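Since the structure is predicted, the reported quantities are computational estimates derived from the model, not experimental observations.
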Amino acid sequence: MKKAFLLSFLFLLLNCEKSGTASPKKTVEEIPEETTTHSTLKINKDQSTIKGRFPAPEGYAYMNVHQNSFEEYIENFPLKKYGSPILKYDGTEIGTQHLHEAIFDIDTGTKDLQQCADAIIRLRAEHLFKMKKFDDIKFHFTSGDLMTWNDYKNGTRAFVNGNSVQFKKTENFDDSYENFRKYLDLIFTYAGTISLNKETKPVLKTSDLKVGDILITAGSPGHIVFIAGVSENQNGEKLFLLAEGFTPAQSIHILKNPFDPKISPWYELDVNSPETKTARYFFEPTNFRSF
């Protein structure tokens, strides 16, 4: 329990399942390995990026994205060697290893912090840091309090007393990447599905879905997956790659599609669907949101 000793009720409802006492309610972890068939689509196992390893299905093409955009950053994100397992923050393997197709080549940290909401927070923050868009690196705690990177690097720290949060300048200026990672660990501790749901806006049309958008159930337990690739055919129909972190903190990974192996790991998505099934979690209702 990474927060119980710090906070009371205010921060109990945070990320996937921060208490660590149970799995998310609508999970499909029980899908047995023998019932999952391999995709018939081509996978370039020797390629090391999302866009390179997972070519668009026949008749589809990747959507054009702007150079240096978050979409480009994710679609070209480096992947670990094909077949790499999902590892927990302590370096051990999780029990479910048959529902993912790729592992993002990024650390998970050494504490049980970088869970489901934190996965997309991590990638978004890393991209903004890389692009030197420091003013945009800011996330709310579940309490509603805003913690910006600019404040943190200038020495401001959060002090929690019961249900209240106070910010005080106690440290010297430090804009190093090492301090940035400490900032992210703070965000991972106090932000989650509830805060991300509030600081994003709904996507109302399927045609507007793009890489980096999230599918979210806000609460405890809650969960988030994010779009990691988009391809489109001449009729304007789209297919999507989905990725996630999970609880306990573990490797960010691309999901298989056990419900439609013919197009796996791609998914058909509909923002108006009453329920969206993903490999490890059912979202009801469907709630797509965008930063």
*Does the side chain of Ile263 come within less than 4.5 Å of Leu239's, by heavy atoms?*
yes
*Taking everything shown except Lys88 itself, do over 12 heavy atoms lie less than 6.0 Å from its NZ?*
yes
_Phe77 side chain reached by Thr49 side chain, heavy atoms, under 4.5 Å_ = no
_Mutual orientation of the aromatic rings belonging to His127 and Tyr73 [parallel < 30°, tilted 30-60°, perpendicular > 60°]_ = tilted
*Backbone N or O of Gln47 within a donor-acceptor pair of the Arg53 side chain at under 3.5 Å?*
yes
*Is Asn287 reaching over with its side chain to a backbone N or O of Thr217, donor-acceptor style, under 3.5 angstrom?*
no
*asked:* Pairing donors with acceptors under 3.5 angstrom, does anything connect the side chains of Glu126 and Tyr177?
replied: yes
*Is any side-chain N of the basic residue among Arg181 and Asp107 closer than 4.0 Å to the acidic one's carboxylate O?*
yes
*What's the verdict on side-chain hydrogen bond (donor to acceptor under 3.5 Å, both in side chains) for Thr148 and Asp151, showing C-alpha distance, side-chain angles and the deciding distance?*
CA-CA 5 Å; Thr148 73; Asp151 285 340; 3.2 Å; yes
*asked:* Can you tell whether the side chains of Lys210 and Glu71 come within less than 4.0 Å, N to carboxylate O?
replied: no
*Considering only heavy atoms from C-beta outward, does the side chain of Lys256 approach that of Ser264 to under 4.5 Å?*
yes
*Exam field: side chain Lys153 to backbone Phe173, donor-acceptor pair closer than 3.5 Å*: no
*asked:* Would you call the rings of Tyr190 and Phe141 parallel, tilted or perpendicular, taking 30° and 60° as the class edges?
replied: tilted
*asked:* Using only atom types and a distance under 3.5 Å, with no angle test, would you say the side chain of Arg157 pairs donor to acceptor with the backbone of Lys169?
replied: no
*Is the Phe70 ring parallel, tilted or perpendicular to the Phe291 ring (thresholds 30°, 60°)?*
perpendicular
*Parallel, tilted or perpendicular: which fits the ring planes of His253 and His100, with parallel below 30° and perpendicular above 60°?*
perpendicular
*Do Gln250 and Tyr89 come within less than 4.5 Å of each other through their side chains, counting heavy atoms only?*
no
*Under the 3.5 angstrom rule, does the side chain of Asn44 hit a backbone N or O of Asp46 as a donor-acceptor pair?*
no
*Taking atom types as modelled, is there a side-chain donor on Asn235 or Glu232 under 3.5 Å from an acceptor on the other?*
no
_Any side-chain to backbone donor/acceptor pair from Thr156 onto Phe167? Under 3.5 Å, distance only._
no
_With heavy-atom distances below 4.5 Å as the criterion, would you say the side chains of Gln166 and Asn161 are in contact?_
no
*Taking the six-membered ring for Trp and the single ring otherwise, decide whether the centroids of Phe240 and Trp266 are under 6.0 Å apart.*
no
_Quick one about Glu237 and Asn233 (side-chain donor to acceptor, distance below 3.5 Å, no hydrogens or angles considered), yes or no?_
yes
*asked:* Are Gln115 and Phe188 packed together at the side-chain level, in the sense that at least one heavy-atom pair is separated by less than 4.5 angstrom?
replied: no
*Please step through side chain to side chain contact (heavy atoms under 4.5 Å, CB included) for the pair Phe129 and Tyr183, ending with a clear verdict.*
CA-CA 12 Å; Phe129 190 89; Tyr183 164 76; over 6 Å; no
*Within a radius of less than 6.0 Å around CG of Asn172, do more than 12 heavy atoms belonging to other residues, nucleotides or ligands occur?*
no
*Does a side chain donor of either Asp174 or Asn154 reach within less than 3.5 Å of an acceptor in the other side chain?*
no
*asked:* If we count only N and O atoms by modelled type, under 3.5 Å, do the side chains of Ser290 and Asp213 hold a donor and an acceptor together?
replied: yes
*Donor-acceptor pair, Asn76 side chain versus Glu72 backbone, under 3.5 Å?*
yes
*Are any side-chain N or O atoms of Ser195 and backbone N or O atoms of Gly192, one a donor and one an acceptor, separated by less than 3.5 Å?*
yes
